[in-house]
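Here's the structure we're looking at; comments come further down.
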Amino acid sequence: MERTIYAQLLEWKDSPDRKPLILLGARQVGKTYILKQFGEHEFDNMVYINCHNNEFMANLFTDFDINRILYQIGIHTRQKISIGKTLLFLDEIQEIHNGIASLKYFCEDMRELHVAVAGSLLGISLKEDESFPVGKVNTLRMYPMTFSEFLIASGREALAEAIDRFDYDTMRLMDNECTERLRQYFFTGGMPEAVSVWMQTHNPKSVRMIHQEILGAYYMDFAKHTKTMVRHIRMVWDSIPAQLAKENKKFIFGMVKKGARAAQFEEALQWLVDAGLVIRVDRCKIPRRPLKFYMDSSAFKIYLLDCGLLATLCETEPADILLGSKAFVEFKGAFAENFVLQQMTAKQKSPVYYYNKDNSTQEVDFLVITPERIIPVEVKAEENVKSKSLSVFVNEDFKELEFKGLRCSMKPYVDQGWMENIPLYAVEAYFG
């Protein structure tokens with residue numbers, strides 16, 4: 001399946017300043033698939049080694065003599081490793097001692113060689129005691145498939161291009177299909193295997209089974225830690241549906257366990273963030289550049305990495321998502337918010353924040369910083385799209401800052417001066 005990250009891999013391949021590449025991302029987002037496709041299509045040959053339970057790799061990095069290491073890899077794989085012609089791809093590199101640390105020496109002693117590594121828990125491994133090659137690697141982060149990638153996988157590349165060009169006339173004509181495809185995406189999400197099964201079968205049970213297998217694999221990953229940590233990670237994870245079902249989606253530790261305090265579960269929550277399984281959105285007290293200066297880390301919201309996995313974790317009936325409009329309003333619009341954040345996260349290099357007023361129910365769902373401006377974003381999945389909080393934010397509280405708001409809803413495009421409304425399915429294009 002076509003993935004937009006491929007263009008970034010090509011840029012890395014051709015960069016004169018290229019260093020060994022670390023491809024980060026949660027389990028099952030397609031890291032291995034895309035790097036294998038890249039290696040097969042863009043190089044004369046690819047040397048692929050999976051380091052998981054690999055005795056050869058476990059004993060390879062006794063030192064960092066890169067010439068010896070490449071000589072022995074060549075013998076083991078029965079392949080010739082040629083600079084400029086070979087991609088050396090080490091998968092699940094976090095499974096072996098000194099694997100990540102070796103990238104420093106690949107950079108210093110054999111920088112011309114194309115070396116790429118990936119792993120399902122690399123985000124965790126990078127924070128452990130093993131030396132990380134600071135300044136000696138390039139990194140890319142991979143996310144679940146976006147809605148445009150889903151459309152392309154559906155054979156609707158022309159429709160994806162029309163949305164990407166903000167061709168709102170065409171979108172109005174194709175609104176029914178766009179909405180139908182969006183329902184399907186809410187259900188399947190962007191995990192490549194789930195998308196592939198849906199395209200082949202259109203069988204909700206088969207897709208739901210894939211989601212359950214992925215969630216089961218995540219639970220197995222939780223178990224790779226201390227008993228106390230595992231229990232806390234699972235408790236935080238299992239609380240996410242209830243956290244998102246609230247009107248106010250601020251994360252409350254007391255919902256993880258009655259009487260729980262932040263100190264008990266902060267490490268478990270951070271594990272989920274580092275593993276790429278959840279997206280944390282911190283509160284911003286004042287919407288001024290740089291937003292990080294005004295971040296309030298004591299107040300935050302948590303969303304899942306993928307809306308399809310969220311639907312399965314919430315045990316939502318497939319028909320409620322695929323038919324009618326329940327998908328957009330279920331859990332007080334949580335699915336729609338999760339979708340919008342998922343698309344923005346895949347496109348934005350800067351963190352996304354949210355704003356709420358002290359001692360008030362006024363809240364702006366997201367604050368997004370771009371090179372040009374700060375964009376206050378409100379997500380509306382219901383028929384009632386009145387943007388009271390957004391209007392007060394833009395036209396009263398911070399009028400002097402001259403914000404232009406963005407509302408994402410099921411309504412067609414309209415520019416009201418102080419705010420633009422775009423269809424939910426155009427969010428990715430807007431931030432692309």
TODO: With sequence neighbours excluded, give me every side chain to side chain donor-acceptor pair (under 3.5 Å) pair touching residues 340-349.
DONE: Y185-Q342, Y185-Q343, D306-Q342
Task: side chain to side chain donor-acceptor pair (under 3.5 Å) contacts touching residues 55-67 (sequence neighbours left out) - done: D63-R68
- [ ] Mark yes when over 12 heavy atoms from residues, nucleotides or ligands other than R78 sit less than 6.0 Å from its CZ; otherwise mark no.
- [x] no
Task: 4.5 Å side-chain heavy-atom contact, L367 and V377 - done: no
- [ ] Heavy atoms only: give me the nearest R183-L322 pair and the separation to one decimal.
- [x] CD-O, 3.5 Å
Open item on the list: Tell me whether Y413 at atom OH has more than 12 heavy atoms from other residues, nucleotides or ligands lying less than 6.0 Å away.
Closed with: yes
Task: S239 side chain vs V236 backbone, donor-acceptor pair below 3.5 Å - done: yes
Task: Under 3.5 Å donor-acceptor, N138 side chain and I22 backbone - done: no
- [ ] Answer yes or no: is there a side-chain heavy-atom contact under 4.5 Å between V278 and L305?
- [x] no
- [ ] Write down the atom of A153, the atom of M1, and the distance for their closest heavy-atom approach.
- [x] CB-SD, 4.0 Å
TODO: Considering non-hydrogen atoms only, spot the tightest contact between T201 and S206 and give its length.
DONE: OG1-CB, 4.3 Å
Open item on the list: Can you confirm whether I375 sits close enough to F403 that some side-chain heavy atom of one is under 4.5 Å from a side-chain heavy atom of the other?
Closed with: no
Open item on the list: By the definition side-chain contact (heavy atoms from CB on, under 4.5 Å), identify the one residue from V117, L35, L103, I96 that meets it with L90.
Closed with: V117
Task: For R172, salt bridge (Lys or Arg N to Asp or Glu O under 4.0 Å) partners two or more places apart - done: D169
Task: Donor-acceptor under 3.5 Å (N421 side chain, P412 main chain) - done: yes
- [ ] Take atom CD of Q72 as the centre, draw a 6.0 Å sphere, and report whether it contains more than 12 heavy atoms from other residues, nucleotides or ligands.
- [x] yes
TODO: Assess whether atom NE2 of H76 is packed by more than 12 heavy atoms of other residues, nucleotides or ligands within 6.0 Å.
DONE: yes
- [ ] Spell out, as yes or no, whether a donor-acceptor pair under 3.5 Å connects the side chain of R283 to the backbone of S298.
- [x] no
- [ ] Decide yes or no on side chain to side chain contact (heavy atoms under 4.5 Å, CB included) for Y430 and D164, but give the supporting numbers first.
- [x] CA-CA 8 Å; Y430 192 92; D164 191 55; over 6 Å; no
- [ ] Could you tell me whether a side-chain N or O of N54 sits under 3.5 Å from a main-chain N or O of N50, the two making a donor and an acceptor?
- [x] yes
Task: I49 side chain reached by F89 side chain, heavy atoms, under 4.5 Å - done: no
Open item on the list: Taking the side chain as everything from C-beta on, heavy atoms only, tell me whether I302 gets closer than 4.5 Å to L272.
Closed with: no
TODO: May I ask you to check if K13 and F43 form a cation-pi contact, with NZ or CZ under 6.0 angstrom from the six-membered ring centre and within 45° of the axis?
DONE: yes
Open item on the list: Quick check for you: to the nearest 0.5 Å, what is the distance between K104 atom NZ and I66 atom CD1?
Closed with: 11.5 Å
Task: Intermediate values then yes/no, side-chain hydrogen bond (donor to acceptor under 3.5 Å, both in side chains), Y48 and E40 - done: CA-CA 10 Å; Y48 171 78; E40 290 166 358; over 6 Å; no
Task: Flag, side chain of Q264 to backbone of R261, donor-acceptor distance under 3.5 Å - done: yes
TODO: Check for a donor-acceptor pair, side chain of S15 on one end and backbone N or O of E11 on the other, with a separation under 3.5 Å.
DONE: no
Task: Under the salt bridge (Lys or Arg N to Asp or Glu O under 4.0 Å) test, residues paired with E400 that sit two or more places apart - done: R288
- [ ] Only counting residues at least two apart or in another chain, list the ones meeting side chain to side chain contact (heavy atoms under 4.5 Å, CB included) with D282.
- [x] R280, M295, S297, F300, Y353
TODO: If the plane angle is over 60° it's perpendicular, under 30° parallel, otherwise tilted; pick one for F222 and Y219.
DONE: tilted
Open item on the list: I'd like to check F61 versus M57 (side-chain heavy atoms, cut-off strictly below 4.5 Å). Are they in contact?
Closed with: yes
Open item on the list: I need the full list of side chain to side chain donor-acceptor pair (under 3.5 Å) pairs touching residues 108-117, with sequence neighbours left out, sorted by first then second residue.
Closed with: R18-H114, E108-K136
Task: Exceeds 12 heavy-atom contacts within 6.0 angstrom, atom NZ of K250 - done: no
Task: Backbone of S148 reached by a side-chain donor or acceptor of E428 within 3.5 Å - done: yes
Taking only distance into account, with no hydrogens and no angle test, what donor-acceptor pairs under 3.5 Å do side-chain atoms of residues 191-200 form with protein atoms, sequence neighbours excluded?
residue: S196; atom: OG; partner: Q200; partner atom: NE2; Å: 2.8
residue: W198; atom: NE1; partner: Q184; partner atom: OE1; Å: 3.1

Open item on the list: Check the orientation of F187 and H211. Use parallel for under 30°, tilted for 30 to 60°, and perpendicular for over 60°.
Closed with: perpendicular
- [ ] May I ask you to decide if the ring planes of F398 and F393 are parallel, tilted or perpendicular, using 30° and 60° as cut-offs?
- [x] tilted
- [ ] Over all heavy atoms of both residues, which pair between V427 and I422 is shortest? Give the atoms and the distance, please.
- [x] CA-CD1, 4.0 Å
Open item on the list: Tell me which one of K301, K357, K246 satisfies salt bridge (Lys or Arg N to Asp or Glu O under 4.0 Å) with E363.
Closed with: K301
Task: Worked verdict on F431 versus L406 for side chain to side chain contact (heavy atoms under 4.5 Å, CB included) - done: CA-CA 11 Å; F431 289 99; L406 176 69; 3.8 Å; yes
- [ ] Give the minimum heavy-atom separation between Y6 and E42, together with the two atoms involved.
- [x] OH-OE2, 2.6 Å
Task: Partners passing salt bridge (Lys or Arg N to Asp or Glu O under 4.0 Å) against R156 (at least two apart in sequence or in another chain) - done: E177
Open item on the list: Checking F265 now: which residues fulfil ring pair (Phe, Tyr, Trp, His ring centres under 6.0 Å) with it, not counting sequence neighbours?
Closed with: H232
TODO: With sequence neighbours excluded, tell me which residues meet ring pair (Phe, Tyr, Trp, His ring centres under 6.0 Å) with Y294.
DONE: none
Task: Sidechain-backbone polar pair: E149 side chain, T4 backbone, donor-acceptor under 3.5 Å - done: yes
Task: salt bridge (charged side-chain N to carboxylate O under 4.0 Å, His left out) assessment of D365 paired with K380 - done: CA-CA 10 Å; D365 295 321; K380 288 288 186 181; over 6 Å; no
TODO: Using salt bridge (Lys or Arg N to Asp or Glu O under 4.0 Å) as the criterion, list what pairs up with D175, not counting sequence neighbours.
DONE: none
- [ ] Show your working on side chain to side chain contact (heavy atoms under 4.5 Å, CB included) between V379 and L424 and close with a plain yes or no.
- [x] CA-CA 8 Å; V379 180; L424 279 169; 4.2 Å; yes
TODO: Side-chain contact test, heavy atoms from C-beta onward, threshold under 4.5 Å: evaluate it for L113 versus L70 and give yes or no.
DONE: yes
Open item on the list: Can you pull out every side chain to side chain donor-acceptor pair (under 3.5 Å) where at least one residue sits in residues 19-31? Sequence neighbours excluded, please.
Closed with: R27-D221
- [ ] Taking T370 for its side chain and R373 for its backbone only, find out whether a donor-acceptor pair lies under 3.5 Å.
- [x] yes
Open item on the list: Let me confirm one number: the OG1-CG distance from T139 to L23, rounded to the nearest 0.5 Å.
Closed with: 9.5 Å
Open item on the list: Quick check: do Q243 and K249 have side-chain heavy atoms less than 4.5 Å from each other?
Closed with: no
